[in-house]
Amino acid sequence: MSRTDPPNARTGRPRSPAADAAILEATRASLVDLGWSKLTMGDVATRAGVAKTTLYRRWAGKNELVVDAVAVLFDELELPDRGSLAADVQGVVLQFAALLERPETRTALMAVVAESTRDDSLRVRIRDSIVERQKRLVLEGRQRAQRRGELPVETDTVVADRTADLIFDVIAGAVVHRMLVSAEPVDAAWASGFTTLLLRGLSGAQTPPGGTQTW
């Protein structure tokens, strides 16, 4: 299964990537225009120019459809090698921020998170389709930093997994809170200050004598 295929895709006639992309784009547009409560499979089908039965062959219902519409946006995030762990972290933070600046991303993410507080199965789908998939960035960045000698290699897989979870939670949580809760910008200066705090910890992130604070 490719990253763009919705989980548990049904078997049958070959999937049309163009139709899938149109449906997911229509879903995001419907969320922006109508909000979660008014979004319907029928409206999405009309916007996408497909029959409603086409949607139901691919997705069991609105929850699954909306989560997948959000997930493909986050699959756009990449982690090119910028030469150092600090530069890699700053780069992905700014990428993530740019993604959240887009109305379709911001609206869709807030909608599914809000709805998941009342729906345990939706929360599980968000974790599987978005969170777990995007941990690839943490794993890739950590492995690269270990090869450079910037981070120690963790031989205990349980500890390594916990560390990856924590790194993801800290980075994603900070950016989402900054932009969607505090409604403050994530710019280069903020990304630099956040990265310093992340890599050095509170005790090592103090401004040096005569230095300039970066956030």
Side-chain angles (χ1 to χ4, degrees), residues 3-4 24 27-28 31-32 35-36 66-117 122-146 150-151 160-207 212-215:
R3 287 210 312 257
T4 56
L24 297 177
T27 302
R28 295 188 293 268
L31 271 173
V32 172
W36 178 278
V66 172
V67 171
D68 287 339
V70 178
V72 296
L73 293 176
F74 285 94
D75 284 340
E76 296 176 13
L77 294 173
E78 296 178 346
L79 193 66
D81 190 341
R82 294 177 171 87
S84 70
L85 177 58
D88 287 353
V89 171
Q90 289 182 52
V92 80
V93 164
L94 292 174
Q95 260 195 87
F96 186 27
L99 187 60
L100 291 180
E101 285 282 0
R102 292 160 54 177
E104 67 271 26
T105 309
R106 184 169 59 249
T107 302
L109 181 62
M110 293 183 75
V112 295
V113 170
E115 189 65 21
S116 72
T117 63
L122 179 58
R123 187 181 300 116
V124 171
R125 191 173 181 89
I126 291 170
R127 185 180 65 233
D128 292 344
S129 298
I130 300 176
V131 175
E132 292 301 326
R133 267 159 56 174
Q134 295 317 312
K135 283 181 184 174
R136 63 186 170 83
L137 299 171
V138 171
L139 299 177
E140 181 181 348
R142 183 173 62 179
Q143 290 170 358
R144 185 184 295 158
Q146 288 170 342
E150 295 173 294
L151 289 177
D161 288 344
R162 288 176 181 168
T163 301
D165 287 347
L166 182 58
I167 293 169
F168 181 88
D169 290 345
V170 169
I171 294 176
V175 176
V176 168
H177 190 279
R178 173 80 175 174
M179 297 190 66
L180 302 188
V181 179
S182 299
E184 295 289 345
V186 170
D187 54 19
W190 187 90
S192 175
F194 169 76
T195 301
T196 298
L197 184 64
L198 177 67
L199 299 186
R200 296 184 185 176
L202 288 173
S203 61
Q206 304 302 314
T207 304
T212 301
Q213 189 64 278
T214 57
W215 71 93

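Counting from 1, the numbers follow the sequence of the chain as shown.
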If I compare all heavy atoms of [X] with all of [Y], which pair ends up nearest, and what's the gap?
X: S129; Y: V67; result: CB-CG1, 3.8 Å
X: V70; Y: A108; result: CG2-CB, 3.3 Å
X: A114; Y: T117; result: O-OG1, 2.6 Å
X: R28; Y: V72; result: NH1-CG2, 3.4 Å
X: S116; Y: I126; result: CB-CD1, 3.7 Å
X: G141; Y: L85; result: O-CD1, 4.4 Å

| task | Please list, chain by chain and in numerical order, all residues satisfying salt bridge (charged side-chain N to carboxylate O under 4.0 Å, His left out) with R142, sequence neighbours excluded. | result |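 Partners of R142 by the salt bridge (charged side-chain N to carboxylate O under 4.0 Å, His left out) criterion, ordered by chain and then number, come out as E154.
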From [X] [atom1] over to [Y] [atom2], what is the distance, rounded to the nearest 0.5 angstrom?
X: K135; Y: D165; atom1: NZ; atom2: CG; answer: 3.5 Å
X: I171; Y: Q134; atom1: CD1; atom2: CD; answer: 12.5 Å
X: L77; Y: R133; atom1: CG; atom2: CZ; answer: 11.5 Å
X: E140; Y: L137; atom1: CD; atom2: CG; answer: 6.5 Å
X: L73; Y: D68; atom1: CG; atom2: CG; answer: 11.0 Å
X: R178; Y: F194; atom1: CZ; atom2: CZ; answer: 11.5 Å

Check whether any side-chain N or O of [X] sits under 3.5 Å from a backbone N or O of [Y] as a donor-acceptor pair, and report yes or no.
X: T196; Y: S192; result: yes
X: T107; Y: L31; result: no
X: Q95; Y: E78; result: yes

| So, do D88 and R82 sit near enough that their side-chain heavy atoms are less than 4.5 Å apart? |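 The answer is yes, as the side chains (C-beta and beyond) meet within the 4.5 Å cut-off.
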| Contact check, side chains of W190 and V175, non-hydrogen atoms, under 4.5 Å |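 Yes, at least one pair of side-chain atoms sits under 4.5 Å.
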| request: Give a yes or no on whether R102 atom CZ has more than 12 heavy-atom contacts from other residues, nucleotides or ligands under 6.0 Å away. | output: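 Atom CZ in R102 is crowded, with more than 12 foreign heavy atoms closer than 6.0 Å.
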| Can R144 and Q146 be said to form a side chain to side chain donor-acceptor pair (under 3.5 Å), step by step? | CA-CA 5 Å; R144 185 184 295 158; Q146 288 170 342; over 6 Å; no
| query | Taking only residues two or more places apart in sequence, or in another chain, which ones meet L94 in a side-chain contact (heavy atoms from CB on, under 4.5 Å)? | reply |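 Expected list: V186, A191.
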